[in-house]
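Numbered from 1 within each chain, the chains take letters A, B, ... in sequence-line order.
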Number of protein chains: 2
Amino acid sequence: MCANLMQRLTLEKIGELAGVSRATVSRVINHHPNISSEVRERVERIIAETGYQPNQAARSLASNQSNVIGLVIPNVVQAVFTDPYYPRLTQGISAACNQLDYTLALFLFHSPEEEQFAVRRFSNNSLIDGLIITADNHINPFIPQLVKRNVPFVYIGRPETTESVTYIDVDHIGGSYIGTKHLIDLGFKRIAQLSTKHNTAGVDRDKGFRQAMAEVGYAVDEDYVVYGDFTERSGYEAMQHLIPLRPDAVFIQSDTMALGAMRALRDAGLSVPDDMAIVSFDDLPPALLTEPHLTTVRQPVHDVGMLAVETLIERCANPGQPPKHVVLPTELVIRGTCGAAN
Amino acid sequence: MCANLMQRLTLEKIGELAGVSRATVSRVINHHPNISSEVRERVERIIAETGYQPNQAARSLASNQSNVIGLVIPNVVQAVFTDPYYPRLTQGISAACNQLDYTLALFLFHSPEEEQFAVRRFSNNSLIDGLIITADNHINPFIPQLVKRNVPFVYIGRPETTESVTYIDVDHIGGSYIGTKHLIDLGFKRIAQLSTKHNTAGVDRDKGFRQAMAEVGYAVDEDYVVYGDFTERSGYEAMQHLIPLRPDAVFIQSDTMALGAMRALRDAGLSVPDDMAIVSFDDLPPALLTEPHLTTVRQPVHDVGMLAVETLIERCANPGQPPKHVVLPTELVIRGTCGAAN
DNA sequence: TTGCTAATTGAGAGCGCTCTCAACACTTTT
DNA sequence: AAAAGTGTTGAGAGCGCTCTCAATTAGCAA
C-alpha cells in the first residue's frame, strides 16, 4: 500500500481497527492509568502496525499546548560566527528537547524590526509553549514585552532586572576569580586582563578578576586591562597593546580571544607560558587548538542548555511559580598556557 | 487591561467587535480578494487595536499546513563545532524563514536512534510542512524513508541517488577547478592537495583539482595528496606530512583546514606564500583570520540556505512537481596566500 | 421594471484531538 | 442482599480556524 494513497490515519480509525472508541485510543497514547492491559496491548499493536502518528495541530488545539519551545538568538550576525558558544549551547538545548520529546524552534533575528515582529507572534499563538532567550547584551525591549504578554521564558545569562525573570547563568565572577587566583598562586606579579564590556558575562568576569587581585593586595593598573569583543581578531589587537607593557601573565575572558592573543604573541616572537602565562575562560573546542593548550575556566555550556529546557518546561506546567535563578559553577582546567605543568 | 486577565481573542470575538462574521475576519487576515475596503479597514483596525494573533494550531488543523519547516542536522557532534559552515547555513535558512513568515524547527541528532525516532514524527504529523536535510556524509536511511513517507524535503549537498530527490548544491568541482587553475596559472609546478573523503563535497572538490591538473598535463603524485576531515587539527597534521615533500603550492579543501595547515607551516618556520602558496575553499570567516588572508574559493552558503527554503516552500505548494536540482556557482577570492598580489 | 451577472457576506460543516461526564461492570463493605 | 466504591469505557462537546455553499446586495443591460 503506497503511502500517498493510504488514507490518513486518525484516532477514530485506530479505534475502529482495535474495536474501541477514540477516547480509549487517546488514553493509551497519553499513558493514562486505568486502561485494561488487554485493551492497551491491542491498541498499541495496531498503532505500531499502522505507524500511526497523532496529529500535532489537533493535539495543540485541544490541549492548548504544543510541545514546542523556541530558542531566541538576537544580533546573530556578530555572535554566532565568532564564537563556538552558541552552537554548543544549541546542542545542549536540542539534546534536552529530543530527550523530553519537545520540538525546538529556532529564532535568529538580524534586526530590531524582526524582533519586534516576532514578539507578537509568540503570544496567544499556541505555536510555542515557551522561550529560551539568549540576549547577549544590555537592555532589550524583548524581555518586558514577554513578561507583559505572559509568555513563559527562561533567560540564559544574567538579565538587567533579575526580579520576575527566571534565568540560568554561570558563575562568571567565581570562575574568573579562580582563574586569576591560579595565576597569583603561581607567583605572577604583573597580571593583566583581556576584558570585555559587551555583556553581563564580561562585566562579571571583570569583577572576579578584580576580586582576586584585591584579595592579595595587588593593585589593578588600568593600563593592564585591555578590552575586546569576544572575537579572535579583537584578542589579537588587544594583545598587541599589552605586549609593550610586558605583563608576566594575563587573564583572558574567552578562549576565542585567547586564540587571537596567542597569535599576537607568536607574531611578536614571545613564547607562552615562558614570556607570558595565560588563563582564559570557556573551555570550548578552541582551547585545544593552541600550542600549548589553554589553561581555562570551564563553563558548563551544554548543561546550561539542558537545564534551560528542563526549567522552561517546568515553568510551562506551573505558570504560577515564582521566578527561579540558577547559577552553575565553573571549574579550572589546567593545561599548558599557565606554566603550572613545569 | 492586564494580559493575563484579558480573555483569549478569537476570530469570533474580533468579528463581534467589528460587526462582521468570523468568516469575514478570516478573509481579511488571509488577504482574500472581494472584501469591501470599508469592512477590511474596520477589521484591520480592530485587529491592530486588540493585538489579536490567530491561533496557529487551529489554523494548521483546519488548513492542513503549519508554516513550519524543519532543518535536520545529523551527526552534529563532529560537524557543528569544527566548522562555521553550519551556523552560516542556518543563518541563511533562518533569514529566509523570517522573510517568508515561516517558523524554523531545528533537529539536531546525536545518534541513529534519535534519527529513527524522529523520522516517524515527521510524517502525517502536521507539525512540519517539509524538511531541509543536511546529511554530511554517505548513505543514510533517512532519505528513502522520507521519500516513502511522502514528506517533502530539500537536500543540501549532492545525495547518493539524485533521482527523485530535490537538492541544492554548490559547484564543488568547478570551484576547486578554478582554485587549482589559479595556482597553475601563477606558475607553480609542484602542487599538492589537502583533500578529504568525508562527503560528496570532498569527493567533488578532489575531482575538480585533478581535472585542472590533468588539463595542463601535470601528473598528480599521490604522495602530494593528503587527507583531513575538515577540522583545524586535521589540517595541521596533514600539512606536517606534506612539508618534507616541499610542494610549492597546495590546494586545501576548506578554510578551517587551511587554518591548521598555516599553523603547521608557521611552526615549521615556513612562510606563506613565499615558501608555499595556498588556495582554499569556503570563504567563511576564518579566511580572514590568517596572515596573510586566505585566497579561497567562495561558496555561497548563505544563498544555499535561502534557496533551500524557497525551493522547499514551493515544493510543499506543488507536491506533484518533478525533483529539482540546483547547483550554485563559486567564485575565486584572491587574497594573500596565493602570492598573486606580489 | 425585470433579469442577469458579479461582488460581498454569513452559516455551517468539518479538521483530529482532549477531556469531562455518565454508564457500566465488578468488587468490597455492611 | 443492598449499598457503596473502584476500574474501565464510550458519548459528546468543544478547541479556533478554513472553506464551501448559499444568500444577499449591487450594478448594469435589456
Checklist outcome for this item: note: Ile14(B), atom CD1; dC17(D), atom P; distance rounded to Å ~ 9 Å

Checklist outcome for this item: To the nearest angstrom, the NE2-C1' distance between His32(B) and dC17(D) comes to 12 Å

Checklist entry - Has the side chain of Arg27(B) got a donor or acceptor that lies under 3.5 Å from a partner of the other kind on the base of dT8(C)? => result no

Next on the checklist: Tell me if a side-chain donor or acceptor on Asn318(B) pairs with a main-chain N or O of Gln321(B) at a distance below 3.5 Å.
Outcome noted: no

Checklist entry - Between Phe122(B) and Phe153(B), does the ring centre distance come in under 6.0 Å? => result no

Next on the checklist: By nearest heavy atom, map Ala58(B) and Val39(B) onto DNA chain C; which one lands nearer the 5' end?
Outcome noted: Val39(B)

Item to check | Which nucleotide in dT9(C), dA11(C), dG14(D) has an atom nearest any side-chain atom of Ala23(B) | outcome: dA11(C)

Checklist entry - Reckon Ser36(A) has a side-chain N or O less than 4.0 Å from the OP1 or OP2 of dT9(D)? => result yes

Checklist entry - What orientation do Tyr167(A) and His325(A) show, parallel under 30°, tilted 30 to 60°, or perpendicular over 60°? => result parallel

Checklist entry - Among the nucleotides dG16(C), dG10(C), dT8(C), which one has an atom lying closest to any side-chain atom of Asn34(B)? => result dT8(C)

Next on the checklist: Between the base of dT18(C) and the side chain of Arg22(A), is one N or O donor paired with an acceptor at under 3.5 angstrom?
Outcome noted: yes

Next on the checklist: If you compare every side-chain N and O of Tyr52(B) against the phosphate oxygens of dC17(D) (OP1, OP2), does one of them come in below 4.0 Å?
Outcome noted: yes

Checklist entry - Between dG16(C), dT18(C), dC15(C), which one does the side chain of Ala62(B) approach most closely? => result dC15(C)

Checklist entry - Between Ser21(A) and dT9(D), is there a side-chain N or O to OP1/OP2 distance below 4.0 Å? => result no

Next on the checklist: Applying a 4.0 Å non-hydrogen cut-off, can you work out what Pro33(A) is touching in the nucleic acid: base, sugar-phosphate, or nothing?
Outcome noted: nothing

Checklist entry - Just by distance, with hydrogens left out, do Asn64(A) and Arg59(A) show a side-chain donor and acceptor under 3.5 Å apart? => result no

Checklist entry - What integer distance in Å separates Glu16(B):CD from dA11(C):P? => result 12 Å

Checklist entry - Nearest-Å distance, CG (Asn64(A)) to C1' (dC17(C))? => result 13 Å

Checklist outcome for this item: Rounded to whole Å, the CD-C1' distance (Gln53(A) to dG16(C)) equals 14 Å

Next on the checklist: From C-beta outward on Leu61(B), which listed nucleotide comes closest to its side chain: dC17(C), dC15(C), dT9(D)?
Outcome noted: dC15(C)

Checklist entry - Pick one: which of Arg315(B), Lys324(B), Glu314(B) meets side-chain hydrogen bond (donor to acceptor under 3.5 Å, both in side chains) with Thr166(B)? => result Arg315(B)

Checklist entry - In whole angstrom, what separates Leu127(A)'s CG from dC17(D)'s P? => result 13 Å

Next on the checklist: With a 4.0 Å limit, can you tell me whether Thr24(B) has a side-chain N or O closer than that to the phosphate oxygens OP1/OP2 of dT9(C)?
Outcome noted: no

Next on the checklist: Taking the minimum atom-to-atom distance to the side chain of Ser63(A), which one of dC17(C), dC19(C), dC17(D) wins?
Outcome noted: dC19(C)

Checklist entry - Please walk me through it: do Glu41(A) and Arg45(A) pass salt bridge (Lys or Arg N to Asp or Glu O under 4.0 Å)? => result CA-CA 6 Å; Glu41(A) 276 156 29; Arg45(A) 192 167 45 74; over 6 Å; no

Next on the checklist: In this structure, how many angstroms lie between the P atom of dG7(D) and the CD1 atom of Ile35(A), rounded?
Outcome noted: 13 Å

Checklist outcome for this item: note: Lys13(A), atom NZ; dC15(C), atom P; distance rounded to Å ~ 9 Å

Checklist entry - Out of dT18(D), dG14(D), dG10(C), which has the shortest distance to the side chain of Val20(B)? => result dG10(C)

